[in-house]
There are 2 protein chains.
Amino acid sequence: MSAAEQISIWMRPENVERSGPGRRPGYSRARITQVAVEIADREGLEAATMRRIGQELGTGAMSLYRYVPKRDDLIDLMLDATAGEIELAGRPSGDWRADLSLVAHQTRAVSLRHPWQVTLARRPTIGPNMLRVYDFALSALDGFGLHIDEMVSLCGMMGDYVASAVRDEIGWLEQARHTGMDRRQWMSEYVGPYVGQIVESGAYPMFNRTIREGRLSHMAPDARFQYGLDHVLNGIAAALPDRNA
Amino acid sequence: MSAAEQISIWMRPENVERSGPGRRPGYSRARITQVAVEIADREGLEAATMRRIGQELGTGAMSLYRYVPKRDDLIDLMLDATAGEIELAGRPSGDWRADLSLVAHQTRAVSLRHPWQVTLARRPTIGPNMLRVYDFALSALDGFGLHIDEMVSLCGMMGDYVASAVRDEIGWLEQARHTGMDRRQWMSEYVGPYVGQIVESGAYPMFNRTIREGRLSHMAPDARFQYGLDHVLNGIAAALPDRNA
DNA sequence: TGCATTTCGAGTACGGCGTACGCGATTGGA
DNA sequence: TCCAATCGCGTACGCCGTACTCGAAATGCA
């Protein structure tokens with residue numbers, strides 16, 4: 001297979017400005033992406049099949065392939081489209097902690113609106129909207145004398161936390177929706193009986209403590225997210241040269 | 001659907017000790033899991049279909065369903081089986097930084113041996129082997145006066161980093177295998193042309209700097225992993241009360 | 001104006017997936 | 001010996017992504 005076939009969707013713009021002969025396009029990537037996102041929001045990513053998207057547009061599955069090479073590429077488009085919902089100021093405010101918090105909370109909010117995002121396996125290709133967020137986060141850490149690689153590393157740390165925390169949160173939401181158990185109940189009734197005597201016998205003492213002493217399970221989702229985020233931001237603060245925390 | 005059907009594979013032990021009438025089992029979860037892991041290691045997770053696993057065992061797909069309720073459950077079994085390859089001492093050494101580094105590097109090594117792990121969408125259910133690693137990591141931070149929730153938060157931070165870094169690393173490996181480009185080449189030839197004049201015009205100045213000044217792309221994978229890990233561990237050190245760093 | 005050329009919309013079909021279902025074969029206990 | 005429970009496994013169904021194909025529509029030009 002040639003390398004060109006591996007190139008991301010962003011390198012293959014749809015021919016939106018045509019002047020030659022031939023029928024005019026009746027759909028568009030943007031419209032298809034929008035419909036796909038709506039379906040995935042309502043019924044999950046696996047419901048956004050090519051047939052279903054086509055049906056929602058009043059056509060068949062194959063018509064979509066005039067605009068999108070593969071379904072995987074459409075998913076990249078969907079991801080970047082939702083990244084476009086992240087609202088940031090044009091430039092960071094100068095308060096790095098507030099700026100990074102903004103990115104974190106905005107990202108979380110968008111992901112909670114589009115829970116299918118966390119069910120993705122592939123690391124998404126970076127589209128223009130994601131690039132905008134990435135650049136904002138990086139520039140929040142600019143001006144402290146850090147090397148660019150350090151900023152990348154620290155921003156990545158926060159990004160990893162946010163992605164993971166949101167995946168957890170949505171996982172619990174869906175779990176609760178299916179079983180009616182809340183997080184703590186699930187932890188004790190589901191994991192508990194399995195490790196059973198092992199936990200009680202002290203083989204997993206720390207896990208045992210998370211169940212008995214841990215308060216994270218009791219916290220509201222907002223507070224739990226903030227709790228972890230604070231630790232991450234404290235870690236970033238520790239990397240700033242002259243304690244601009 | 002009942003809640004019982006949602007219960008993880010760990011709550012549904014296979015009937016390994018039978019004495020009543022009926023044919024004796026010819027296979028086992030362990031054997032099926034092992035074969036599935038071998039196939040996934042060689043050809044990727046999507047190649048480990050039920051039909052293919054059955055074929056490798058000299059039978060059909062449906063025979064496996066006597067031992068595993070669903071393919072998703074089998075994947076949970078595969079994950080925990082590989083987590084069993086993580087080699088840790090019985091108890092942490094007392095040097096928290098060395099202990100957490102051990103967990104991080106062991107986890108990375110195992111994931112590199114089983115690259116299909118990072119292509120997973122669902123957050124895995126925690127099996128016994130994962131629990132063992134989790135408990136080891138937590139206990140490495142015990143004894144510094146931290147609340148258990150803080151330990152969970154800090155360990156989670158490191159776990160998030162490791163998972164993300166390994167996913168990246170494997171992603172690049174497969175990219176390189178397909179296209180013959182290394183990481184830096186890909187960054188400039190693939191992302192570069194797309195943002196094109198935008199990058200040059202200064203709309204994404206920080207991203208621009210990661211391309212021009214960044215050295216992360218040039219580092220060997222081991223060093224890159226360690227670079228990020230050091231930042232995470234520094235962040236954890238900052239959370240220890242009396243600077244036990 | 002009429003035609004040649006090009007693109008679009010859409011139907012058909014293929015191979016592969018997970019897995020529901022059912023049935024003969026095998027086994028231990030009464 | 002016969003019964004009842006369990007296993008191995010083949011068949012079949014309804015999905016999926018998408019390769020291929022062809023008529024319809026829309027221009028630029030003669």
Side-chain angles (χ1 to χ4, degrees), chain A residues 1 5 9 12-33 35-36 39-40 43-78 116 119-122, chain B residues 1 5-6 9 12-32 35-36 39-40 43-78 116 119-122:
Chain A
M1 82 184 60
E5 289 165 3
I9 185 71
R12 302 188 170 201
E14 61 182 322
N15 277 341
V16 69
E17 33 179 346
R18 292 202 62 272
S19 65
R23 202 170 172 174
R24 298 299 117 220
Y27 308 113
S28 68
R29 274 190 191 168
R31 180 79 188 116
I32 292 171
T33 303
V35 167
I39 296 173
E43 306 171 39
L45 187 61
E46 75 282 0
T49 67
M50 300 305 272
R51 281 171 234 263
R52 178 68 193 284
I53 298 166
Q55 177 186 326
E56 210 98 341
L57 282 164
T59 179
M62 292 317 293
S63 301
L64 309 178
Y65 284 89
R66 290 274 172 198
Y67 301 88
V68 172
K70 303 165 72 69
R71 182 170 183 265
D72 277 7
D73 292 320
L74 175 56
I75 292 177
D76 282 337
L77 291 172
M78 292 167 69
W116 48 269
T119 69
L120 280 175
R122 306 178 315 122
Chain B
M1 85 184 57
E5 289 164 4
Q6 298 285 326
I9 185 71
R12 302 188 170 201
E14 62 182 321
N15 277 343
V16 70
E17 35 179 344
R18 291 204 63 271
S19 66
R23 202 169 172 174
R24 298 296 118 225
Y27 308 112
S28 70
R29 273 191 192 169
R31 180 78 187 117
I32 292 170
V35 168
I39 296 172
E43 306 170 41
L45 188 61
E46 76 281 0
T49 66
M50 300 305 272
R51 281 171 234 264
R52 177 70 191 283
I53 297 166
Q55 178 187 327
E56 210 97 344
L57 283 164
T59 180
M62 291 317 292
S63 302
L64 310 178
Y65 283 89
R66 290 276 174 197
Y67 301 89
V68 173
K70 304 165 70 68
R71 182 169 183 266
D72 277 7
D73 293 319
L74 176 56
I75 291 177
D76 282 337
L77 290 172
M78 292 168 68
W116 48 269
T119 68
L120 280 176
R122 304 179 316 121

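First the proteins, then the strands, lettered A, B, ... as listed; each starts at 1. When reading the values below, keep in mind they use all heavy atoms of this one structure, side chains included, and skip hydrogens, waters and symmetry mates.
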Can you measure [X] atom [atom1] to [N] atom [atom2] for me and round it to whole angstrom units?
X	N	atom1	atom2	answer
A:Arg23	D:dC22	CZ	P	17 Å
A:Leu64	C:dG9	CG	P	10 Å
B:Asp72	C:dC17	CG	C1'	13 Å
B:Arg24	C:dG28	CZ	C1'	7 Å
A:Ile53	C:dG9	CD1	P	16 Å
A:Glu43	D:dC15	CD	C1'	15 Å
A:Leu57	C:dA10	CG	C1'	13 Å
B:Met50	D:dA12	CE	P	20 Å

Subject >> For the student: nearest non-hydrogen atoms of B:Ile9 and B:Pro69, plus distance >> reply: CD1-CD, 3.4 Å
Subject >> Minimum-distance pair of heavy atoms, taken over all atoms of B:Arg24 and B:Gly22 >> reply: NH2-O, 2.9 Å
[X] side chain N/O closer than 4.0 Å to the phosphate oxygens (OP1, OP2) of [N]?
X	N	result
A:Tyr27	C:dA10	yes
B:Tyr67	D:dT6	no
A:Lys70	D:dG17	no

Flag, side chain of [X] to backbone of [Y], donor-acceptor distance under 3.5 Å:
X	Y	value
A:Tyr27	A:Tyr67	no
B:Arg71	B:Ala48	yes
A:Glu56	A:Ile39	no

Original post:
Going by heavy atoms in the side chains, are A:Ile75 and A:Leu45 under 4.5 Å from each other?
Top reply: yes
Subject >> Flag side-chain contact, heavy atom, 4.5 Å: B:Ile32 against B:Leu77 >> reply: no
**OP:** Using a heavy-atom cut-off of under 4.0 Å over every strand shown, decide if A:Arg66 touches base, sugar-phosphate, or nothing.
**Re:** base
**OP:** Would you indicate what B:Gly54 reaches in the nucleic acid, counting non-hydrogen atoms under 4.0 angstrom: base, sugar-phosphate, or nothing?
**Re:** nothing
Subject >> Side chain of A:Ala61 - closest among D:dT18, D:dG23, C:dT27 >> reply: D:dT18
Any N/O pairs under 3.5 Å between the protein and nucleotides 11-16 of chain C? List them or say none.
none

Original post:
Taking for each residue the nucleotide of DNA chain C bearing the nearest heavy atom, is the 5' side occupied by B:Pro21 or by B:Ala48?
Top reply: B:Ala48
